[in-house]
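Shown next, in structure tokens, is the structure this report addresses.
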Amino acid sequence: MFIDFYWRLPTHGCHNSLQTSGYERGDWSPLAPGNVAPGLDRDGEADGFAYIDHLSAIARAAESVGFQGGLIPSFPNTDDPWVISPLLARETKSFRFMIAFQPGFGNPVHSARAAASLQRATGGRLLFNIITGGGGPAQLWWGDSFAHDDRYGRTSEWLDVFRGVWSSSDFSYDGRFYQLNHGGRPSVFQGEEFPEIWFSGSSDAALQTAARHADYYLSWLEPFDQLGAKFASVKERTAALGGEQKCAVRVDLVARATEEEAWADIRKGFENVSEETRQRWRGQATDSVGAARQAALRPTDAQRYDELIVAPNLWGGFNLLRGGPALGIVGSYEQCAARLDDLIARGADAFILAGTPHLEEAYRVGEEVLPLLGRQAPALLAAAE
Amino acid sequence: MTLTIHWRLDPAAEPPRSERALQPQLPDRVRDRRVPTQNRFDYYLQVADAAAQTAFDGLFIRHRLESDESRIIAAIVARAVRGIKVVPEFPASVGSAVYAAKQATTFQRSTGGRLGWAITPDADARSRAREADMVGPEDLARRLDEFLTVARGVHEQRPFTFKGEHFEVLNGGFDAPLNRVSFPQVFLQGEDDAALRLSARHADVHFFAPATVEQLAERIARLDALAAAEGRKVAVGLIQPLLVRDDGEDAQRDAVGLPDITLVASYDEAATALAERHAIGVSHLLLEATPMLEEAYRVGQHLLPRLRALTGAARRAA
């Protein structure tokens, strides 16, 4: 059985390390000497590089060490994955672009044409992380006023139409949210591979939609027993609904030559977290079930970094150091590989890994951790059975 | 008034170019070492390079249901070809106005601000139904008006709140660094009053179809009046298919079967005709001809220098 490994493109700038709160790569913080993409030239002027040039470097690093591609997240203040992907299409060779996308934001027929064009441009390197959750005021920021369960209904219909016009040259549809008459695939797109669909969302509405449309069910990292149970439940429930799900984990790593070095980096990062950052994370409002599960960890109240060690090599304070989920893996290269093997034994079929800074860590994780995978999986699998 | 001159890429034109599935098999004696990574986009880039190297100011990319999507092509072209402005054409039915505006910020940030938006007129009801666009004909102008209001609103204001019939935003608007780039230059088109009213409110440039100098002057006056009523000025453009040759008779001979709006002329005649339109207020030309690569070279090397010489002289005299 093959396991698929992806990296992440940080679409909101990147830090030099987990110990800095400013963004020294990209223009999300005020430009200072030493900043990259854009940087400052000798006269103190922007040097003409753009953040896309740094994203290009990360994508090329990731593909060179064996990552299949990368997740390209989308949030209100990030760059956009539908634009990043074609910008980088011709300067990457095997990198697969995983576009994070809320289907309600694009007409499904137009989106299918854009997706098929990207397949043609890249030789079939496009896939989707379909996002439906989130909501409340954040969703209205995007101009989307649908209620939570309505949004899953719309996602499901959107995917029906997207798939319909992809696969058939004469397709009609009469749904609650979308209708079309005699649409379909133009001949020039015939034979293009349908993009893999990665799905997120922990609610019942999400799982029903996943069973119908998704290839991979993507979760943030949770405590291992809990995540293993969730994967088993997803596979069971989607099977009962007539679908087949592979499961994937999105997780940040701090992998170092020794465990001590890894925890020392975490400790320094934790001690640099400002009270302002803690306050900001306390105030997050969302109707997403996944986000609520993570918020229950309460890392904003911790006084010492080691209060947040929830299991061996598992640390629950990553969201204090950078945007995203709280839990991540910390340890030596061997320990990180063993934890990933452990997750494989618990039903993970694929991973989206990340580390900060994303460029150098793509090389480190690719060169030091990926080669160690599989050594412990057979024993763990045997133990699980 | 500077004359800005754009070339137009039609993704559906010349289908066999760089499209392996549509090309005849080479004879067995010809060793063929082409690889699968060569594809149609190579031709789009050839056309874009041709336009850039022959000193066009911009490249428009047509919206074609049967071919590659214009904004995907635009991003690929803009990354590979420096200096030239890139303007995808697309209808207001593409989806969320907020999302379209957000995508534009990444494009601008990544290309040094070289994006324009050309919003295409809505298709007929049957075509729209094929595209899952169920907005009724009476609502189309309103949707476009709201689309551009919201897109510019979230780009330029924070917080931005709007509640229309087609789009709704609550406390929207982009933060730094996304809002540091400029909103794409907006190009609209059409001859009737409804189109002119929309342009008066939203367009940076309004394109007209080919017409006589007198007809154009009338339409420009109407556009100016409507724009003035909105407290705005809108630049005037002309979409001009053409077939030009060194010799006017050669042009006539090659023009068999072209629509009669095509400007068929010698280089000198064409330069004169276009300069006349510049003199009455046309500041943007969108030129098109096929084959797109060869004609970009012909127009760029022969017509543009003549036209720029004439209009540059006019500017100095004014």
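Just so we're clear, the structure is a prediction, and the values are computed from it rather than from any experiment. Below, chain A is the first sequence line, B the second, and so on; all start at residue 1.
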Residue part contacting chain B, namely of Phe177(A), when any heavy atom lies under 4.5 Å: neither
What is the distance from atom CZ of Arg126(B) to atom CG of Asn181(A), rounded to the nearest 0.5 Å? 9.5 Å
To the nearest 0.5 Å, how far apart are OG1 in Thr161(B) and CG in Leu140(A)? 9.0 Å
Evaluate the side-chain proximity of Leu65(B) to Arg113(A): yes if any heavy-atom separation is below 4.5 Å, no if none is. yes
Which atom pair, heavy atoms only, marks the closest approach of Thr106(B) to Asp80(A)? OG1-N, 2.7 Å
Quick check for you: among Gly112(B), Ala104(B), Ala75(B), which has the greatest number of heavy-atom pairs under 4.5 Å with chain A? Ala75(B)
Relative to chain B, which segment of Phe171(A) carries a heavy atom at a distance below 4.5 Å: side chain, backbone, both, or neither? neither
Residue among Gly143(A), Pro81(A), Ala50(A), Gly48(A) with most heavy-atom pairs under 4.5 Å to chain B: Gly143(A)
Evaluate the side-chain proximity of Pro86(A) to Ile73(B): yes if any heavy-atom separation is below 4.5 Å, no if none is. no
Engaged part of Asp42(B) at the chain A interface, taking heavy atoms whose separation is under 4.5 Å: both
Rounded to the nearest 0.5 Å, how far does CH2 of Trp141(A) lie from CZ of Phe160(B)? 12.0 Å
Ile72(B) versus Ala114(A), closest heavy-atom pair with distance: CG1-O, 3.7 Å
Does any heavy atom of chain A fall under 4.5 Å from the side chain of Thr37(B), the backbone, both, or neither of them? neither
Given that the side chain runs from C-beta out, which part of Ser29(A) has a heavy atom under 4.5 Å from chain B: side chain, backbone, both or neither? neither
With a 4.5 angstrom heavy-atom cut-off, which part of Arg158(B) approaches chain A: side chain, backbone, both or neither? side chain
Where on His166(B) is there a heavy atom nearer than 4.5 Å to chain A: the side chain, the backbone, both, or neither? neither
Between Phe49(A), Trp28(A), Tyr178(A), which residue shows the highest count of heavy-atom pairs closer than 4.5 Å to chain B? Trp28(A)
Okay, Arg71(B) and chain A: the region with an atom under 4.5 Å from a heavy atom over there is side chain
Any idea which heavy atoms bring Ala132(B) and Asn107(A) closest together, and the distance? O-ND2, 3.5 Å
Where on Asp144(A) is there a heavy atom nearer than 4.5 Å to chain B: the side chain, the backbone, both, or neither? backbone
Say you draw a straight line from OG1 of Thr111(B) to CD1 of Ile52(A); how long is it, rounded to the nearest 0.5 Å? 10.0 Å
Please determine, among Ser187(A), Pro108(A), Ser172(A), Ser117(A), the option with the most heavy-atom pairs under 4.5 Å with chain B. Ser117(A)
Just wondering, are more than 12 heavy atoms of other shown residues or ligands nearer than 6.0 Å to CD in Glu91(A)? yes
His110(A) and Glu69(B) side chains, donor-acceptor separation under 3.5 Å: yes
Would you sort out whether Lys102(B) and Trp142(A) count as a side-chain contact (heavy atoms from CB on, under 4.5 Å), showing the intermediate values? CA-CA 9 Å; Lys102(B) 184 152 183 298; Trp142(A) 288 104; 3.6 Å; yes
Is there a side-chain contact (heavy atoms from CB on, under 4.5 Å) between Arg79(B) and Val83(A) once you walk through the steps? CA-CA 11 Å; Arg79(B) 181 74 175 157; Val83(A) 183; over 6 Å; no
Engaged part of Arg120(A) at the chain B interface, taking heavy atoms whose separation is under 4.5 Å: both
Asn39(B) side chain to Gly123(A) main-chain N or O, any donor-acceptor pair under 3.5 Å? no
At a heavy-atom separation under 4.5 Å, does Tyr51(A) approach chain B through its side chain, its backbone, both, or neither? side chain
Give the intermediate values and the outcome of side-chain contact (heavy atoms from CB on, under 4.5 Å) for residues Val109(A) and Arg130(B). CA-CA 8 Å; Val109(A) 181; Arg130(B) 294 175 52 194; over 6 Å; no
Please test Asp27(A) against Arg109(B) for side-chain contact (heavy atoms from CB on, under 4.5 Å), starting from the C-alpha separation and ending with a verdict. CA-CA 10 Å; Asp27(A) 47 358; Arg109(B) 286 162 48 69; 2.8 Å; yes
Heavy-atom pairs under 4.5 Å with chain B are the metric here; pick the option from Val188(A), Asn77(A), Leu118(A) that has the most. Asn77(A)
Give, as side chain, backbone, both or neither, the part of Phe41(B) having an atom under 4.5 angstrom from any heavy atom of chain A. both
Go through Ala129(B), Ala97(B), Pro36(B) and name the one with the most non-hydrogen pairs under 4.5 angstrom from chain A. Ala129(B)
Does atom CD (Gln25(B)) have a neighbourhood of more than 12 heavy atoms from anything else shown, all under 6.0 Å? no
How far does CZ of Phe189(A) sit from OG of Ser67(B), to the nearest 0.5 angstrom? 6.0 Å
Rounded to the nearest 0.5 angstrom, the OH-OG distance for Tyr99(B) and Ser74(A) is 4.5 Å
